[in-house]
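Lettering of chains follows the sequences in order, A, B, ..., and the numbering in each one begins at 1.
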Amino acid sequence: MATKHPPRGGPAGRRNGAAIAVLLGPFLALFALTFVGPIGYAMYQSVIGVERMGALGLEGSRTVFVGLDNYIEAFNQLGFIEGFGTVALFALVQVPLMLALATLLALLLETLSDRWAGLFRAGFFLPYGVPGVIASLLWGFLYTPGTSPITELLGRAGLQVDFFGYDTVLWSLVNIAVWQFAGYNVLVLVAQLKAIPRDLYEAAAIDGASLWTIAWRIQIPLIRPALVLTAVFSIIGAMQLFSEPLVLQLLAPAITDDYTPNLSAYKEAFTNNNPNLAAAQAVILAVVAGVLSFGFLRLVGWRRT
Amino acid sequence: MAADVRPAAAPQESPANGTGRRALGARRRPSTSRIIIVAALTLAALYFLIPAYWLAVAATKSLGGLYGSFGLWFSEPQLWANLTALFTHDGGVFLRWSANTLLYAGVGSVVATLLAASTGYVLAKFEFRGRDTVFNVVLAGVLLPGTALALPSFMLFTELGLSNTVWAILLPSMVSPFGVYLCRIYAAAAVPDALIEAARVDGAGEIRIFATIALRIMTPALVTVLLFQFVSIWNNFFLPLVMLSDDRLYPITLGLVTLNSISERVPETVGLVVTGSFVAVVPLAVMMIVLQRFWRTGLTEGGVKS
């Protein structure tokens, strides 16, 4: 990895030190300001609180150390905890659905000529270029009777579907995420399939293997690492669910202010004006996301270099 | 179609997928299964494309047409009138949001890519104390999703007096731990030690070696980092939502959601939201399709192989 000729001491070494500082310094400074600093500051905010003074709390206030009080309060909030359940259920459905669809489409694309596969792939990939909030606005219109051709067509067929109902709104959110990211995952998987050596296919053809056998015995096992990694990052993304429910909230009363953990933290910080509790919730979220991703990657033996 | 041109700029693609590659099983497959395959793929393409098509159609409609006509077909198209309404709304604030988005995504992604390149290069090619620590901390940054940082960043930036300024969006946009990770892998594999040593012997300084030799060799990885960062800044919503209160600083995403939130009281804004969404989607969707081969190259580099 490193150069075989490490810089020697003396002027050359000093010059090297300066070069390292110049090349590395700006990134480290910004990283400290935008990653380490915010997390550290949120940790600090999460262990302090505001204490009112005087009989009626009217004689001013002061900041005091409260230990884990904010964390205890966060864990005692039913809505915040239920939010974790909601995003877990969301991930449990959305991630397998999206990856199954992406795998199927990638395998089907492999049977086409490059020209046609390229056209289809471009079509599948297009939604990835639609920002999450705009995708949510768009699907909001497609879910709303009046503007939606879907409800209109279903209505003509005699079906009444409420996409914003208490039982259905989570699946409406799942659909938005699948629509947005499935095509991107098709691209990842196609890249993996292209890396499979051609002679494996030739050997299979000589053995008279069917496309089905080739898919199950050769292709899927060889793209498994990519599937696992994508699944991990999708699960972590699902934990952070925020913009989509926030946008649909206007249309769907079923989406409460604490529907997902991120919505809870946002509500505490801006609606309830309780930044210390919000900080505790943000730290909990960051820790859960970090532990999940690190744990998963350890589990699947993801290499660092 | 971009996918048909196998670029010289993507040397790490396997040679097996050259232009002349035969489709899998092309010779012996019976035609019924081919029909089923194409039908299934077409169905999927409809699922992915119809919402975008709906948006394009809806952007041409009057407010009455939006609610009163079938969504998948045109009705008295008036795209120009809708665009005029969008761009003149509130003194041209939509144009301002577009310019802001371009500024945030353009400047942020370019700076983030250059910093990722220099950092990745140093981590791959220099030995110094604390190198592993730096890399591990950056790796932790990769695993921490941006949304988990939005609220904490807001708290710190408020304390520093930086919230509600362009810097509140630009500074976080300039940092890409994933980019550093990718650049480190790429530099380690693609920049030969012998070349660096030769340049040193010729008397070139370290900065110059990086700027003239390493950067050029690392170009394919840099394009990928640039694209990822550009799109993630363009799509960013949570950070501007918490950081910005002045609507002159909003990016398009936040502007559209704000417009949408008043549409219950001011029904005309629904038309602005639809047309604005269409205008915001077009440039990125085109870029996505034209540049899709670069995504693929980057993805195989991203340590997916294990």
When A/Gly25, A/Ala289, A/Ser243, A/Ala282 are compared by non-hydrogen pairs under 4.5 Å with chain B, the top option = A/Ser243
Side chain, backbone, both or neither: which part of A/Leu108 has a heavy atom under 4.5 Å from chain B?
-> both
Is a donor on one side and an acceptor on the other found under 3.5 Å between the side chain of B/Lys61 and the backbone of B/Gly68?
-> no
Starting from the C-alpha separation in whole Å, work towards a yes-or-no answer on ring pair (Phe, Tyr, Trp, His ring centres under 6.0 Å) for B/Phe154 and A/Phe270.
-> CA-CA 11 Å; B/Phe154 165 71; A/Phe270 290 95; 5.1 Å; yes
Tell me, for A/Glu152 versus chain B, whether the close heavy atoms (under 4.5 Å) come from the side chain, the backbone, both or neither.
-> side chain
Hey, does the Lys NZ or Arg CZ of A/Arg156 hover above the aromatic six-ring of B/Phe70, less than 6.0 Å from the centre and inside 45° of the axis?
-> yes
Can you tell me how far the CD1 atom of B/Ile36 sits from the CG atom of B/Leu41, to the nearest 0.5 Å?
-> 12.0 Å
Count the heavy-atom pairs under 4.5 Å between each of A/Leu292, A/Val178, A/Leu142 and chain B, then report the option with the highest count.
-> A/Leu142
Once the angle between the rings of A/Trp179 and A/Trp139 is folded into 0 to 90°, is it parallel (under 30°), tilted (30 to 60°) or perpendicular (over 60°)?
-> perpendicular
Between B/Tyr47, B/Tyr121, B/Phe278, which residue shows the highest count of heavy-atom pairs closer than 4.5 Å to chain A?
-> B/Tyr47
Assert yes or no for the condition that the ring centre distance of B/Trp167 to B/Phe157 is strictly below 6.0 Å.
-> no
B/Val111 portion near chain A, given a 4.5 angstrom heavy-atom threshold = neither
Chain A: which of B/Pro172, B/Gly120, B/Ala117 shares the most heavy-atom pairs with it under 4.5 Å?
-> B/Pro172
Max heavy-atom pairs within cutoff under 4.5 Å with chain A, candidates B/Leu115, B/Leu284, B/Thr119, goes to B/Thr119
